[in-house]
Amino acid sequence: MASQCVAFRDSKGGLHASLEKATLEDLAGVLGRVGDEGGMTAGVAKLIFDKRQEIERIFAEHDEIAVSNPGEARVERLHAA
């Protein structure tokens with residue numbers, strides 16, 4: 001029997017149980033791996049500064065989804081074949 005589930009898709013197409021997890025996956029993709037040079041805090045700060053435009057885009061998309069449908073957000077309904 002077919003059934004429905006609620007899922008959130010990240011920018012690479014991965015499915016997540018929550019909007020936050022999908023957003024965090026997108027952020028992790030933007031930030032990439034923080035190198036050992038200069039410590040993690042400095043590396044993360046530099047990446048955030050350098051990737052600001054992409055990070056702001058991801059947060060704007062998150063906010064748009066969260067505001068457009070509070071409580072459930074915009075969801076994709078997946079149907080079993």
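Just so it is clear, the structure is predicted and the values come from calculations on it, not from any experiment. Only heavy atoms go into these numbers, but all of them, side chains included; no hydrogens, no water, no symmetry mates.
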By side-chain contact (heavy atoms from CB on, under 4.5 Å) - contacts of Ser18 (at least two apart) =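 Only Glu20, Lys21 meet the side-chain contact (heavy atoms from CB on, under 4.5 Å) criterion with Ser18.
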Under the side-chain contact (heavy atoms from CB on, under 4.5 Å) rule, collect the residues that match up with Asp26, sequence neighbours excluded.
-> Asp10, Ser11, Ile58
Who are the salt bridge (charged side-chain N to carboxylate O under 4.0 Å, His left out) partners of Asp63, not counting sequence neighbours?
-> none
Just one of Leu27, Leu19, Leu24, Val67 clears the side chain to side chain contact (heavy atoms under 4.5 Å, CB included) bar with His62, so which one?
-> Leu19
Does Glu56 have any side chain to side chain donor-acceptor pair (under 3.5 Å) partners at least two apart in sequence or in another chain, and if so, which?
->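 Here the qualifying residues are Arg52.
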Hey, are the side chains of Thr23 and Phe8 touching, using non-hydrogen atoms and a 4.5 Å cut-off?
-> no
